Amino acid sequence: WSGYAPGAIGLLYVLIVLPMWFSHPNPVVFVPVDFAAIGLYLLYIDLVTKGGWFLSFAFPVTGAIGLLLTAVVALVRYVHAGYLYIFGGALILTGGLNVLIEFLLHITFGIEGMFVWSIYPLTACVLLGVMLLVVAVCKPLRRSLHRKFFL
């Protein structure tokens, strides 16, 4: 157990202290670095416990979430319009990510029954994402919502 605490302290250092070194940290750089540090810590835990779940579960899940968040952060930072498109697509992909997580749980840990719980967040995320895309496409609706919500 003695390796978990230094690993967690190192992970917190990378997540919190390292960006404080810079006066204007670029989140497009630090988000992938954070996910790489999380992946390395999970790999350490897997190797110490001899779990065998890192490559079949933790690596794909961490990588997929890291790619999605890095893409959203990069688009929000460098594209100065179309936030509704960005967040609508991100919501739809988040719903798909829930299905991926459940699929990998079944493959890695041999859980019976396929796609029991992930259908609910998938449905909610797709509905909300499509709603944001419809608002983004329909200019009168977008203007009306801007007036109504004082945006």
Side-chain angles (χ1 to χ4, degrees), residues 1-137 145 149 151:
W1 63 269
S2 65
Y4 296 136
I9 290 170
L11 182 63
L12 287 175
Y13 179 80
V14 170
L15 295 174
I16 297 171
V17 178
L18 187 62
M20 288 185 196
W21 281 11
F22 301 91
S23 59
H24 300 289
N26 188 354
V28 178
V29 173
F30 282 106
V31 169
V33 168
D34 292 344
F35 276 97
I38 291 168
L40 287 174
Y41 187 59
L42 289 173
L43 176 63
Y44 171 75
I45 292 171
D46 179 53
L47 292 175
V48 168
T49 61
K50 296 177 182 56
W53 45 263
F54 179 76
L55 283 178
S56 61
F57 181 71
F59 181 68
V61 170
T62 306
I65 295 171
L67 284 173
L68 178 62
L69 278 177
T70 302
V72 169
V73 167
L75 287 171
V76 167
R77 181 151 173 110
Y78 296 119
V79 176
H80 299 292
Y83 294 123
L84 292 174
Y85 292 106
I86 295 168
F87 291 116
L91 270 172
I92 293 170
L93 289 175
T94 301
L97 186 63
N98 288 312
V99 175
L100 173 71
I101 290 171
E102 186 173 13
F103 177 71
L104 291 174
L105 277 171
H106 290 291
I107 288 176
T108 303
F109 302 110
I111 298 172
E112 296 297 321
M114 289 295 283
F115 306 118
V116 177
W117 63 267
S118 65
I119 299 301
Y120 301 111
L122 173 67
T123 305
C125 288
V126 167
L127 287 175
L128 289 172
V130 168
M131 181 193 70
L132 286 177
L133 292 175
V134 166
V135 170
V137 169
L145 289 175
F149 293 114
L151 296 176

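Below, each value reflects all heavy atoms present in this structure, side chains not excepted, and no hydrogens, waters or symmetry copies. Starting from 1, each residue takes its place in the sequence as its number. Note that the structure is a prediction, hence the values are computed from the model and not measured.
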Original post:
Would the number of heavy atoms belonging to other residues, nucleotides or ligands and lying under 6.0 Å from OH of Tyr44 be above 12?
Top reply: yes
**OP:** Determine whether Phe87 and Val76 make a side-chain contact, defined as any pair of heavy atoms from C-beta on separated by less than 4.5 Å.
**Re:** yes
**OP:** Under the side-chain contact (heavy atoms from CB on, under 4.5 Å) rule, what do Trp117 and Asn98 come out as? Steps first, then yes or no, please.
**Re:** CA-CA 9 Å; Trp117 63 267; Asn98 288 312; 4.3 Å; yes
Original post:
Does any non-hydrogen side-chain atom of Asn26 lie less than 4.5 Å from one of Arg77?
Top reply: yes
Original post:
Does some side-chain heavy atom of Ser118 sit less than 4.5 Å from a side-chain heavy atom of Phe115?
Top reply: yes
**OP:** Check the surroundings of atom CZ in Phe103: do more than 12 heavy atoms from other residues, nucleotides or ligands lie under 6.0 Å from it?
**Re:** no
**OP:** Indicate the atoms forming the closest heavy-atom contact of Leu97 with Ala64, along with that distance.
**Re:** CD1-CB, 3.5 Å
Original post:
Within a strict 4.5 Å, meaning less than it, do heavy atoms of the Val61 and Leu100 side chains meet?
Top reply: no
Original post:
Quick one: are Ile92 and Leu133 in side-chain contact, heavy atoms under 4.5 Å?
Top reply: yes
Subject >> Donor-acceptor contact present, side-chain Thr108 to main-chain Ser56, <3.5 Å >> reply: yes
Original post:
Of all residues at least two apart in sequence or in a different chain, which pass the side-chain contact (heavy atoms from CB on, under 4.5 Å) check with Val31?
Top reply: Phe35, Leu69, Thr70, Val73
Original post:
Under a 4.5 Å cut-off applied to non-hydrogen side-chain atoms, are Tyr85 and Val79 in contact?
Top reply: no
**OP:** Give a yes or no on whether the ring-centroid distance for Tyr4 and Tyr41 is below 6.0 angstrom.
**Re:** no
Original post:
Side chains of Tyr78 and Val28: closer than 4.5 Å at any heavy-atom pair?
Top reply: yes
Original post:
Does Tyr120 OH have over 12 foreign heavy atoms under 6.0 Å away?
Top reply: no
